[in-house]
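Below you'll find the structure, written out as structure tokens, and then a few comments.
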2 protein chains.
Amino acid sequence: MQKQQYLSKNQKIVLEHVEKANQPLKAYSILYNVQKKGLKAPLQVYRALDKLVEIGKIHKIESRNAFVACKNANCVVSNATAFSICESCEKVTEINNSKLSKYLGNFEDSSGMKYSKYNLEFFGLCKKCKNK
Amino acid sequence: MQKQQYLSKNQKIVLEHVEKANQPLKAYSILYNVQKKGLKAPLQVYRALDKLVEIGKIHKIESRNAFVACKNANCVVSNATAFSICESCEKVTEINNSKLSKYLGNFEDSSGMKYSKYNLEFFGLCKKCKNK
DNA sequence: TTGTATATTGTTATAATATAACGTTATGTA
DNA sequence: TACATAACGTTATATTATAACAATATACAA
């Protein structure tokens with residue numbers, strides 16, 4: 001069987017919902033909102049999310065247990081993710097900085113371990129919240 | 001009231017247990033193992049962990065929902081953490097690389113956001129697992 | 001040393017997040 | 001067609017984490 005080319009029904013439903021949001025969504029909030037479309041159980045959402053994360057269409061914000069759609073045109077860097085998170089309003093933005101990704105993509109430490117993947121989360125106050 | 005100088009009873013118990021482990025521990029595994037010392041409920045463990053994370057004695061491995069003791073002598077960089085995680089044996093190591101921490105500590109992107117904290121998790125295969 | 005504020009504790013209940021296990025249906029391709 | 005893999009649907013349950021409340025301990029200023 002070929003590597004999957006098209007998204008399945010549930011995967012499409014979940015992805016469309018997450019893409020419409022402009023903030024990270026929790027799995028159970030997704031579930032609640034796609035129930036009208038036929039997804040009734042947590043597992044249906046989690047399975048779709050798992051696959052979408054695997055192929056890079058969606059990223060998980062680990063510190064928040066939440067999911068955002070990838071904003072990078074073609075999601076080529078799904079194994080190399082960086083986010084900025086405002087600790088006040090919880091706004092999350094995917095960082096797309098070629099210098100940073102180059103630096104981290106080539107990073108090696110003394111352990112002899114070669115890294116195939118990374119996830120970086122920056123925290124602080126966004127412009128708006130800083131000026132309050 | 002002064003900034004806390006000494007750890008409380010529960011905080012000491014939890015920290016000592018986490019420090020003895022050479023791998024990240026789950027909260028409920030900690031709970032199970034400190035029950036003989038009087039901590040009976042999850043909240044007692046979570047509260048101690050929260051405080052210990054706050055003061056930098058313990059770090060949370062977000063992608064694993066697990067906790068490790070800080071290995072940096074004086075835990076000065078508790079708001080700037082980096083870990084390597086082997087996806088096969090789950091061994092986790094805290095990365096202590098001044099170039100990396102300098103680079104990330106000074107990182108600014110175009111959003112105008114200044115970061116006060118970051119957490120970075122690298123994934124790959126450790127030396128041992130790579131040679132299998 | 002007494003009052004006051006804050007931190008920590010103990011406890012029960014419950015919320016939120018995620019997966020196991022089972023059988024079925026769909027899809028790609030040899 | 002037959003086979004393998006992926007996705008689906010469903011029920012139950014595991015795992016992770018917090019709410020809410022009352023009590024006790026600690027630091028320090030008046």
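Note that the structure is a prediction, hence the values are computed from the model and not measured. Quick note on labels: first sequence line is chain A, next is B, and so on, each numbered from 1.
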Rounded to whole Å, the OH-C1' distance (A:Y6 to D:dA6) equals 16 Å
Between CG of B:L7 and P of D:dT26 the distance, given in whole Å, is 14 Å
Whether each nucleotide of nucleotides 9-18 of chain C has a protein heavy atom under 4.0 Å at its base (B), only at its sugar-phosphate (S) or at neither (-) is summarised, 5' to 3', as BBBB----BB
Exam field: side chain B:N119 to backbone B:E62, donor-acceptor pair closer than 3.5 Å:
no
A:L49 atom CG is separated from C:dT19 atom P, nearest whole Å, by 11 Å
Taken to the nearest whole Å, OH/B:Y32 to P/D:dT16 is 16 Å
Within 6.0 angstrom of B:K128 NZ, more than 12 heavy atoms from elsewhere
no
Here the distance between atom C1' of D:dA7 and atom NZ of A:K12, to the nearest Å, is 13 Å
Members sharing A:L120's hydrophobic cluster, built from side-chain contacts under 4.5 Å between Ile, Leu, Val, Met, Phe, Trp and Tyr, are A:I95, A:L100, A:Y103, A:L104, A:F107, A:M113, A:Y115, A:Y118, A:F122, B:I95, B:L100, B:Y103, B:L104, B:F107, B:M113, B:Y115, B:Y118, B:L120, B:F122
The bend of the helix from C:dT1-D:dA30 to C:dA30-D:dT1, taken between the axes of its five terminal pairs at each end and rounded to 10°, is 40°
To the nearest angstrom, the CD1-P distance between B:I30 and D:dT15 comes to 15 Å
Next item on the list: Verify the neighbour count for atom NZ of B:K130: are there more than 12 heavy atoms of other residues, nucleotides or ligands below 6.0 Å?
Entry: yes
By side chain to side chain contact (heavy atoms under 4.5 Å, CB included), A:K40 pairs with (sequence neighbours left out) A:Q44
Residue pairs passing the salt bridge (Lys or Arg N to Asp or Glu O under 4.0 Å) test with at least one member in residues 102-125 of chain A, sequence neighbours excluded, are A:K117-B:E87
Residues 17-37 of chain B side chain polar contacts: donor-acceptor under 3.5 Å, at least two apart:
residue: B:K26; atom: NZ; partner: B:R64; partner atom: O; Å: 3.1
residue: B:N33; atom: ND2; partner: B:S29; partner atom: O; Å: 2.7

Besides A:I61, the hydrophobic cluster formed by Ile, Leu, Val, Met, Phe, Trp and Tyr side chains linked at under 4.5 Å, directly or via other members, contains A:V68, A:F83, A:I85, A:V92, A:F123
